[in-house]
Amino acid sequence: YDALLAKFAGRLVLRTADATLPEQRAGDLASTVATYLSEVKKLADQKRETAETQAALLRDGAYRLAADPTKTSAPPTALDHVPHIEFAALEDAVERLQHSAKIYDDMLAAKGPTLSPDQIQRLQALMLTIDETLTNDVGLPGRSWYKHLLYAPGRFTGYGAKTLPGVREAIEEQRWADADRYAKLTADALNAYSARLDQAVSVLNPAG
């Protein structure tokens with residue numbers, strides 16, 4: 001496995017280094033990020049439903065009624081109320097990314113083979129550092145050295161990755177203010193990525 005992985009990584013680097021046109025397929029990223037957004041929204045909804053269900057059971061005395069009278073027990077500690085996270089900006093950013101990505105991919109397929117050397121150079125310069133738009137100098141809570149807002153090792157998962165980590169971990173750890181904050185920061189990063197794609201489209205199709 002290690003040898004195969006090394007061969008794969010090496011060939012990927014060589015292919016990318018020797019490519020005339022950028023290798024990124026923006027539509028793949030856009031669809032993947034849309035999936036990540038659906039996941040974190042579902043996570044927030046599940047936590048809210050769990051808290052509301054438990055609150056109803058506590059209110060109705062269900063735990064007391066179900067308790068074994070021969071054993072000492074107490075109802076569980078009430079879960080925190082889960083507010084509605086401000087996902088609107090992030091939803092808009094994902095929608096914009098999907099739109100910009102489709103135009104870029106279509107334009108690259110149509111115009112790529114006919115680009116002049118100057119256009120290729122300008123296009124490569126834009127796409128070479130496009131992933132840097134997905135970082136933020138603020139970093140992630142508790143580990144400011146992790147700047148990427150789409151992927152990062154989890155705080156408690158070793159090298160296991162978290163997607164949309166600023167938002168996802170805030171929901172998991174019930175840091176609701178951070179969830180709202182990082183939803184906005186992540187939206188800003190995705191909008192910056194989309195803006196870079198729009199610049200690339202202008203290079204691909206100067207006439208508009």
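Since the model is a prediction, treat every value here as computed from it, not as a measurement.
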Please name all residues satisfying side-chain hydrogen bond (donor to acceptor under 3.5 Å, both in side chains) with Thr129, sequence neighbours left out, ordered by chain then number. Arg196
Under the rule for salt bridge (Lys or Arg N to Asp or Glu O under 4.0 Å), what residues qualify as partners of Lys41, not counting sequence neighbours? Glu91
Take atom CZ of Arg25 as the centre, draw a 6.0 Å sphere, and report whether it contains more than 12 heavy atoms from other residues, nucleotides or ligands. no
Pairwise side-chain contact, Leu123 with Leu108, heavy-atom cut-off 4.5 Å (strictly under): yes
In short, Ala78 meets Gln54 closest at the heavy-atom pair CA-OE1, 3.3 Å
Restricting to side-chain hydrogen bond (donor to acceptor under 3.5 Å, both in side chains), what partner residues turn up for Thr163, sequence neighbours left out? Arg168
Between NZ of Lys42 and CD of Glu49, what distance do you get to the nearest 0.5 Å? 10.0 Å
Show the nearest heavy-atom pair for residues Met127 and Ala200, with the distance to one decimal. SD-CB, 4.1 Å
For Arg155 and Glu173: C-alpha separation, side-chain torsions, deciding distance, then whether salt bridge (Lys or Arg N to Asp or Glu O under 4.0 Å) applies. CA-CA 11 Å; Arg155 291 181 67 189; Glu173 299 169 17; 2.7 Å; yes
Taking side-chain contact (heavy atoms from CB on, under 4.5 Å) as the definition, give me every residue that meets it alongside Ala161, ordered by chain and number, with sequence neighbours left out. none
Excluding sequence neighbours, so at least two apart, what forms side-chain contact (heavy atoms from CB on, under 4.5 Å) with Ser116? Asp118, Gln119
Taken in chain and number order and not counting sequence neighbours, the residues that satisfy side-chain hydrogen bond (donor to acceptor under 3.5 Å, both in side chains) with Ser100 are Asp198
Is there side-chain contact between Thr186 and Asn136, with heavy atoms separated by less than 4.5 Å? no
Indicate yes or no: at least one non-hydrogen side-chain atom of Ile85 is less than 4.5 angstrom from one of Leu90. no
Can you list the residues that meet the salt bridge (Lys or Arg N to Asp or Glu O under 4.0 Å) rule with Arg15, with sequence neighbours excluded? Glu23
Using side-chain heavy atoms (C-beta onward) and a distance below 4.5 Å, is Leu164 in contact with Tyr182? no
Not counting sequence neighbours, which residues clear side-chain contact (heavy atoms from CB on, under 4.5 Å) with Ile120? List them please. Thr20, Leu21, Leu115, Gln124
Within 6.0 Å of NZ in Lys111, more than 12 heavy atoms from elsewhere: no
Would you confirm whether the ring centroid of Tyr151 sits within less than 6.0 angstrom of the ring centroid of Tyr36? yes
Any Trp145 side-chain heavy atom under 4.5 Å of Leu140 side chain: no
What are the two closest non-hydrogen atoms of Ala152 and Pro165, and how far apart are they? CB-CG, 3.8 Å
Could you check whether any side-chain heavy atom of His84 comes within less than 4.5 Å of a side-chain heavy atom of Arg48, counting everything from C-beta outward? yes
For Tyr63, what are the other residues in its hydrophobic cluster, where any two members join if their side-chain heavy atoms are less than 4.5 angstrom apart? Leu57, Leu58
Rounded at 0.5 Å granularity, tell me how far CD1 in Ile130 sits from OG in Ser194. 8.5 Å
Tyr146: what forms a ring-ring contact (aromatic ring centres under 6.0 Å, His included) with it, not counting sequence neighbours? none
How many angstroms lie between CD1 in Ile103 and CG in Leu197, if you round to the nearest 0.5 Å? 10.0 Å
Salt bridge check, Asp92 against Arg96: does any charged N sit closer than 4.0 Å to a carboxylate O? no
So does Lys102 pair up with Asp105, basic N to acidic O under 4.0 Å? no
Ignoring hydrogens, what is the shortest heavy-atom contact between Leu149 and Ala189? Give both atom names and the distance. CD1-CB, 4.0 Å
Separation between CG of Leu65 and CG of Asp60, rounded to the nearest 0.5 Å: 9.0 Å
For Asp131, give me all partners under side-chain contact (heavy atoms from CB on, under 4.5 Å), at least two apart in sequence or on another chain. Leu134, Tyr193
All side-chain hydrogen bond (donor to acceptor under 3.5 Å, both in side chains) counterparts of Asp178, not counting sequence neighbours: Arg175
Can we say Asp180 and Lys184 salt-bridge, meaning some charged N sits less than 4.0 Å from an Asp/Glu carboxylate O? no
